[in-house]
Structure formats: structure tokens, C-alpha cells
> 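Dropping a structure here in C-alpha cells format, bear with me for questions.
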Amino acid sequence: MLQVKLKRATIEYRVLGPDDSPHPPVLFIHGILVDHRLWMDVAEGLARDGFRCILPKLPLGSHTIPVDDSVELTPGTVAEMIHDFIGALDLRDITLVGNNTGGALCQLLVDAHPDRVGSLVLTNCDAFEKFPPFPFNVVFATMRGPRSIGLLSKLLKVAALRHSPLGYGLLVRRDDALTASWVEPMSTDSRIAKNLATLLRGVGAMDLTDVATRLPRFTKPVTIVWGMADRAFTPVLGRRLAALFPDAAFVEVPGARTFVALDDPAAVIDAIATAGART
């Protein structure tokens with residue numbers, strides 16, 4: 001993977017698609033205990049259609065380059081890292097795409113730094129007071145120290161527990177190898193576990209209600225692509241989020257859960273291509 005050194009962290013990333021694409025660049029933002037591979041099917045499909053796709057691996061628990069202890073990892077600081085990443089790569093007029101916690105980070109980013117964002121695509125994600133929704137609010141509340149994260153990582157090595165409702169069970173169809181790789185970094189590197197503990201304390205200290213009051217200021221095209229079979233990030237939450245933006249389209253994806261990009265990549269590809277055409 002490529003790397004870029006920012007003032008707060010070193011970020012690994014992948015680029016797919018042509019450098020001279022006629023389309024706006026697409027920047028994909030994943031969530032906690034997930035990495036860039038969440039988006040690979042979507043990015044590969046878009047790249048075949050001539051889109052340039054950038055997929056960073058953010059310090060959200062499945063990263064492999066630890067963040068220094070001097071950096072206080074919070075949702076706000078990670079959103080600032082994304083802003084710095086956009087600047088370092090000199091990306092402009094981007095289509096910003098987020099899922100799960102990554103959708104929350106996108107909301108923070110367009111609130112604070114909307115200038116380089118040409119359009120926004122959000123799949124099932126945190127919003128308002130649902131940061132995170134049940135049962136993950138309970139799980140995250142217990143994971144705010146390296147010891148508790150170490151214990152949980154041992155439990156999550158068991159595939160059946162990893163795919164239970166307290167793991168990835170509500171989010172995606174079972175993929176033992178992929179989800180095992182997502183929990184591996186916190187299981188094998190105490191620095192990653194410490195990073196995750198710090199981040200989760202930051203998540204527990206805030207919600208997105210205040211940010212939501214300012215999202216109507218973002219007048220560029222927004223597409224909300226929502227898995228309708230999601231029991232954590234429900235369709236009601238998605239419609240509430242779509243209602244905030246002056247120029248928003250709501251796309252229903254029947255049968256898909258939180259990780260819509262894995263359940264129905266074609267639906268996400270279509271939404272992103274359409275979002276770019278609306279700018």
C-alpha cells in the first residue's frame with residue numbers, strides 16, 4: 001500500500017482507476033474495526049468505469065501503523081486527519097463516501113471543511129444520537145481500556161462470537177477470514193489496542209446531534225444509500241438523515257444490511273456514479 005505521513009498519523013491507502021479520470025475523485029471512508037477492504041468491490045467496479053478511487057486505511061482499530069500516544073484520537077481528530085489527507089493528495093471536488101462510523105466522520109468533515117467536497121454519499125451510518133446505535137453503544141462502553149479490548153479481542157477470535165449480534169453479525173453476511181483480519185491488529189499489537197481504547201472514549205463523549213443542526217448548510221448533492229434489512233442503523237434513521245440536506249436522494253437497497261458495499265456493491269456503484277453526475 002501507499003503511505004502518506006500527516007502531522008497526526010501515517011496513513012496507508014490504495015488508489016484504483018486512472019489518474020486522468022474525467023470524473024471527480026472518489027474518497028472512501030470506513031468505520032471502526034473495519035478497513036479499506038470494505039469498499040474494494042465497489043472501487044474495482046468504479047475503476048473499470050473510469051473513476052479514480054482512493055481508499056485510506058484509517059486509525060480506527062483495524063489499522064497496522066500505530067498512532068503516537070501524543071495524539072488524542074477522537075472522531076473529531078480523525079475527521080481532521082481525513083481533511084489533511086485530502087490536502088496532502090491535493091484532491092478537489094471529491095465524491096466523499098462513508099459507512100458506519102465513517103459516515104459520522106463524513107458528517108464532521110463536511111461540517112468543518114466542505115470546500116473540497118463536491119458530493120456526499122452515505123451508506124448506513126451513525127447519525128444524531130445514534131453514535132453508535134444499540135447494541136454497539138453497550139459494546140463500546142466496555143471497550144475503553146487496553147485490558148478490556150484485549151479480553152474482547154480474545155473472544156472475537158472465536159468465529160461464532162465474532163459473527164454474533166455483539167460482533168459483526170448485524171452488519172454483514174458471514175465472512176470468517178475478512179472479519180478475523182479486522183480484529184487481528186488489536187489482538188496482536190498493544191499499541192493498536194491502546195489507540196482503539198482512546199478512540200472509543202472519544203466516541204462515548206459525543207453524539208452527532210449538534211452537527212446535525214448545521215448539515216442543512218451543505219447544499220451540494222447528497223445521496224443516502226440505505227440497506228433496508230439493517231436492524232442497527234434502521235431505515236428510519238436513514239430517512240431522518242436524508243431529510244437534513246437540501247439536495248438529497250434516498251436510495252433503498254432491499255435485503256442489504258449495514259455493510260451495503262459488501263451486500264450489494266452494484267447499488268453503491270450506481271449511486272456514486274449518479275452522485276458525480278449531479279455535481
Side-chain angles (χ1 to χ4, degrees), residues 1-40 42-44 46-47 50-123 125 185 189 191-192 194-196 198-199 202-203 211 218 220 222 261 272 275-276 279:
M1 295 184 72
L2 300 169
Q3 293 184 4
V4 60
K5 186 174 179 58
L6 307 175
K7 61 183 178 182
R8 296 179 178 87
T10 297
I11 303 295
E12 295 181 292
Y13 67 100
R14 288 197 63 180
V15 178
L16 283 74
D19 291 340
D20 59 350
S21 171
H23 308 288
V26 185
L27 178 62
F28 292 92
I29 307 299
H30 63 78
I32 290 174
L33 286 178
V34 182
D35 66 16
H36 65 289
R37 290 171 295 169
L38 171 75
W39 300 110
M40 284 302 297
V42 171
E44 288 172 350
L46 286 168
F51 287 81
R52 181 173 179 238
C53 300
I54 300 96
L55 301 90
K57 181 191 286 189
L58 298 167
L60 298 175
S62 295
H63 57 298
T64 52
I65 300 178
V67 176
D68 190 84
D69 288 346
S70 62
V71 177
E72 184 180 2
L73 277 177
T74 67
T77 57
V78 177
E80 289 299 318
M81 287 180 195
I82 297 169
H83 177 248
D84 293 344
F85 179 83
I86 292 169
L89 272 62
D90 194 26
L91 302 175
R92 300 175 185 275
D93 194 36
I94 64 172
T95 299
L96 181 66
V97 186
N99 172 259
N100 199 351
T101 327
L105 298 174
C106 291
Q107 293 168 56
L108 293 171
L109 182 64
V110 299
D111 176 39
H113 305 288
D115 293 348
R116 294 203 184 197
V117 179
S119 62
L120 176 65
V121 177
L122 296 176
T123 65
C125 66
D189 191 328
R191 298 169 298 174
I192 301 296
K194 189 173 183 179
N195 286 168
L196 180 58
T198 303
L199 175 68
V203 171
V211 172
F218 187 78
K220 299 171 186 179
V222 176
I272 291 170
T279 58

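Computed from a prediction, not measured in an experiment: that's the story for all the values here.
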> Where do Ser119 and Thr95 come nearest, in terms of heavy atoms and distance?
OG-OG1, 3.1 Å
> Nearest 0.5 Å please: distance from the CG atom of Leu38 over to the CG atom of Asn100.
8.5 Å
> Backbone N or O of Leu91 within a donor-acceptor pair of the Arg116 side chain at under 3.5 Å?
yes
> At their closest point, which heavy atom of Ala79 faces which heavy atom of Leu109, and how far apart are they?
O-CD1, 3.8 Å
> Look only at the side chain of Thr123 and the backbone of Gly98, and say whether a donor-acceptor pair between them is shorter than 3.5 Å.
yes
> I need the minimum non-hydrogen distance between Cys53 and Ala47, along with the two atoms involved.
SG-N, 4.4 Å
> Are Arg52 and Asp19 close enough that some pair of their side-chain heavy atoms sits under 4.5 Å apart?
yes
> For residues Cys106 and Leu122, report the shortest heavy-atom separation together with the two atoms involved.
CB-CD2, 3.8 Å
> Would you check, one step at a time, whether the test side-chain contact (heavy atoms from CB on, under 4.5 Å) holds for Val67 with Arg8?
CA-CA 7 Å; Val67 176; Arg8 296 179 178 87; 5.8 Å; no
> Quick check against the 3.5 Å criterion: does Ser62 have a side-chain atom that pairs as donor or acceptor with the backbone of Asp35?
no
> Taking all atoms of both residues into account, what is the closest heavy-atom pair of Ile192 and Pro185, and its distance?
CB-O, 3.7 Å
> Report yes if some heavy atom in the side chain of Met81 is under 4.5 Å from a heavy atom in the side chain of Pro56; otherwise report no.
no
> Does a side-chain heavy-atom distance below 4.5 Å link Leu6 with Glu80?
no
> Nearest 0.5 Å please: distance from the CG atom of Leu27 over to the CD1 atom of Ile94.
4.5 Å
> Find out whether Leu60 and Val34 are in side-chain contact, i.e. whether some heavy atom of one side chain is under 4.5 Å from a heavy atom of the other.
no
> Quick one, Val97 and Val42 - any side-chain contact, counting heavy atoms below 4.5 Å?
no
> Does any non-hydrogen side-chain atom of Leu46 lie less than 4.5 Å from one of His23?
no
> Is there a side-chain contact (heavy atoms from CB on, under 4.5 Å) between Val4 and Asp84 once you walk through the steps?
CA-CA 10 Å; Val4 60; Asp84 293 344; over 6 Å; no
> Between CD1 of Ile32 and OG1 of Thr101, what distance do you get to the nearest 0.5 Å?
4.0 Å
> Between Pro59 and Ile65, is there a side-chain heavy-atom distance shorter than 4.5 Å?
no
> Considering non-hydrogen atoms only, spot the tightest contact between Asn99 and Cys125 and give its length.
C-CB, 4.2 Å
> Going from CG on Leu199 to OG1 on Thr77, what distance comes out if it is rounded to the nearest 0.5 angstrom?
7.5 Å
> Any sub-3.5 Å donor-acceptor pair from Asp93's side-chain atoms to Pro24's backbone N or O?
no
> Output yes when a side-chain donor or acceptor of Lys194 lies under 3.5 Å from a complementary backbone atom of Asp69, and no otherwise.
no
> With no hydrogens and no angle check, is any side-chain donor or acceptor of Lys220 less than 3.5 Å from a backbone partner on Pro114?
yes
> Which label fits Trp39 and Phe28: parallel for a plane angle under 30°, tilted from 30 to 60°, or perpendicular past 60°?
tilted
> Tell me whether the count of non-hydrogen atoms from other residues, nucleotides or ligands lying under 6.0 Å of CD in Glu72 goes above 12.
no
> Return yes if some donor-acceptor pair links the side-chain N/O of His30 with the main-chain N/O of Leu58 below 3.5 Å, else return no.
yes
> Taking atom CG of Leu2 and atom CG of Leu55, what is their separation to the nearest 0.5 Å?
11.0 Å
> Just by distance, do the side chain of Ser21 and the backbone of Gly50 share a donor-acceptor pair under 3.5 Å?
yes
> Is the shortest heavy-atom distance from the side chain of Val222 to the side chain of Val110 under 4.5 Å?
no
> In Å, rounded to the nearest 0.5 Å, how long is the span from CD1 of Ile82 to CG of Leu96?
7.5 Å
> Less than 3.5 Å apart, any donor N or O on the side chain of His63 or Glu12 sitting next to an acceptor on the other?
no
